[in-house]
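Note that this is a predicted model, so its numbers are computed, not measured. Only this structure's heavy atoms are used, side chains among them; waters, hydrogens and symmetry mates stay out. Order of the sequence lines sets the chain letters (A, B, ...), proteins ahead of strands, with each chain counted from 1.
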Number of protein chains: 2
Amino acid sequence: MLELIEQLKADILNGALPRGCPLRQQELSVRYNVSRIPVRDAIAQLKNQGWLVTHGKAGVMVPELNWREAEDLYQMRMALEVQLLGHALPNLTHEVLGRAKDINLQLNNPCLTLLERGQLNWDLHATLYEVANRPTLFNVVAILNEQVRRYMGFQYGPLNYRDTSQNEHEKLISLIESDQKDQALRYLKGHIEVAGRMLVDYLKNEN
Amino acid sequence: MLELIEQLKADILNGALPRGCPLRQQELSVRYNVSRIPVRDAIAQLKNQGWLVTHGKAGVMVPELNWREAEDLYQMRMALEVQLLGHALPNLTHEVLGRAKDINLQLNNPCLTLLERGQLNWDLHATLYEVANRPTLFNVVAILNEQVRRYMGFQYGPLNYRDTSQNEHEKLISLIESDQKDQALRYLKGHIEVAGRMLVDYLKNEN
DNA sequence: AAATATAAAAATGTATACATTTTTATATTT
DNA sequence: AAATATAAAAATGTATACATTTTTATATTT
């Protein structure tokens, strides 16, 4: 069923499932070659995580992208990820920071789609957050980042953002390495804030 | 199915479903007089919201209470509810504040269980937050408060907390009425912090 | 003709039956 | 006797069939 969820998410992202019109369990069960039971399970899960919303009293649909939601998601990320990094700081060994650097190098690759870039970006952040040992907080942050993925299905923003974001990661890691805790936390906050503002501005201009 | 979820939550709270040992879909379906399908649906939902956790590779169980989780929940509440109230402040008319005051009066009733008190407490907070018009943020905050309910199934803490909490609500509302925004936000933060610390201290001493 | 009421169709929700996976008990090996 | 391998039992996962609810199309009323 996890696989089915991923397929649905992929088809939501690539536009194979149209926004705004109801999805029928039967159609989906034909499309993915399973019965309606796993389809129902997957729909319930995706509804919980904001990938689908109810359509009337029966049925669900892919929601429209919406800048207010994006703003909320980034505001929550800002508040919670700063907390999480704060808990992680005392446990961030050079080994962990090394793993983060390796991921950041992969972000160099210019062929990455925005979606792949988003995945690596989360992998990097998650590497830092994991050592916080705060599963409840981590879990909420993970869900928020997964929800943000809904907004990464298409290219947006200025082209040079790639380098900006990558440099920001480098700066963040070096602040942590040199034990400048408060500055690292403020820097992370700014990093998320900038990414959020770029997305929100883009969404506002689209409509 | 929503009814089934509520029944399960109630039975988790009152201890009818034991912690730590696996719950079987079959047993639950007999207990609640439904087939395994709605039981499965309910279990999935409760797992998503922290009321159940997986037990090995097959099965779920009621998780033990755990002070680190409680601490995380209250830290998240602190950060996010302050944001939410901030968005709500410009829209908080006297009518809305009046509704909040009416709920606070009900908290006078000394016969309330901690659980009923928790419900009214959330009703009050939700009244203020609703006018923020931030459904995504509101939804996360609502889920956090629902998760906190898991920790309210039993009596704890000093007996005079009732009055303390109620006075804090009064103070918060009066700060809002007199348009002292920053102080209102800081006061809310403290209000949640105190409640969280009380719970966490209690949980730490229990074990 | 617009608004409401009724009936048919189509959707979702749930029960039962079967398939697959996981767990537990037993047998075998070292 | 402890550790591993095997077989039986019991669990979860999924397909199909039926029940209930919702939607849509048609008929009726004002």
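- Judged by distance alone, the side chains of B:N66 and B:Y151 never bring a donor and an acceptor atom under 3.5 Å apart.
- The nearest whole Å value for the distance from the CE atom in A:M61 to the P atom in C:dT12 is 14 Å.
- Here the P atom of nucleotide C:dA9 and the CD atom of A:Q26 are 17 Å apart, to the nearest Å.
- Remark: P of D:dT12 and CG of B:L52 are 12 Å apart, rounded to the nearest angstrom.
- Phosphate contact (OP1/OP2 of D:dA10, side-chain N/O of B:Q25, threshold under 4.0 Å): absent.
- Regarding contacts with the backbone of D:dG13, a side-chain N or O of B:R40 is found under 4.0 angstrom from either OP1 or OP2.
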- Task: Begin from the C-alpha positions of A:M61 and A:L52 and carry the test side-chain contact (heavy atoms from CB on, under 4.5 Å) through to its verdict.
- Result: CA-CA 6 Å; A:M61 64 183 188; A:L52 295 173; over 6 Å; no
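- The shortest distance between the side-chain N/O atoms of A:S35 and the OP1/OP2 oxygens of D:dA15 is below 4.0 Å.
- With rounding to whole Å, B:H55 atom NE2 is found 9 Å from C:dT23 atom P.
- For the pair A:P38 and A:K57, both in contact range of DNA chain D, the more 5′-proximal nearest nucleotide belongs to A:P38.
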- What would the secondary structure line of DNA chain D be in dot-bracket form, counting Watson-Crick and G-U wobble pairs under 3.5 Å, with [ ] for pairs that cross earlier ones and | for pairs with another strand? ||||||||||||||||||||||||||||||
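- One side chain, A:D11 or A:Y32, offers a donor N or O that lies under 3.5 Å from an acceptor on the other.
- Between A:L28 atom CG and C:dA10 atom P there is a gap of 18 Å when expressed in whole angstrom units.
- Under the rule for a side-chain contact (heavy atoms from CB on, under 4.5 Å), the partners of B:D123 that lie at least two apart in sequence or sit in another chain are B:I103, B:Q119, B:L120.
- Toward the 5' end of DNA chain D, the nearer of the two residues A:G56 and A:N33, judged by each one's closest nucleotide, is A:N33.
- Nucleic acid contact class of B:I43 (heavy atoms, under 4.0 Å, all strands): none.
- Along DNA chain C, the nucleotide nearest A:I37 and the nucleotide nearest A:G59 are compared for position; the residue whose nucleotide lies closer to the 5' end is A:G59.
- Under the 3.5 Å distance criterion, the side-chain polar atoms of A:R68 are matched with a main-chain donor or acceptor of B:N133.
- In this structure, A:Q45 and A:I5 approach most closely via the heavy-atom pair CG-CD1, 3.5 Å.
- When each of D:dT12, D:dA15, D:dT22 is scored by its nearest atom to the side-chain atoms of A:A58, the top-ranked nucleotide is D:dT22.
- Put simply, the residue from A:M76, A:R77, A:E81, A:H125 that forms a side chain to side chain contact (heavy atoms under 4.5 Å, CB included) with A:V141 is A:E81.
- One interatomic measurement links the two molecules: CZ of A:R24 to P of C:dA10, which rounds to 12 Å at whole-angstrom precision.
- The distance from atom CZ of A:R36 to atom P of D:dT16 is 12 Å, rounded to the nearest whole Å.
- Nucleotide C:dT14 holds its C1' atom 9 Å from the CG atom of B:D41, rounded to whole Å.
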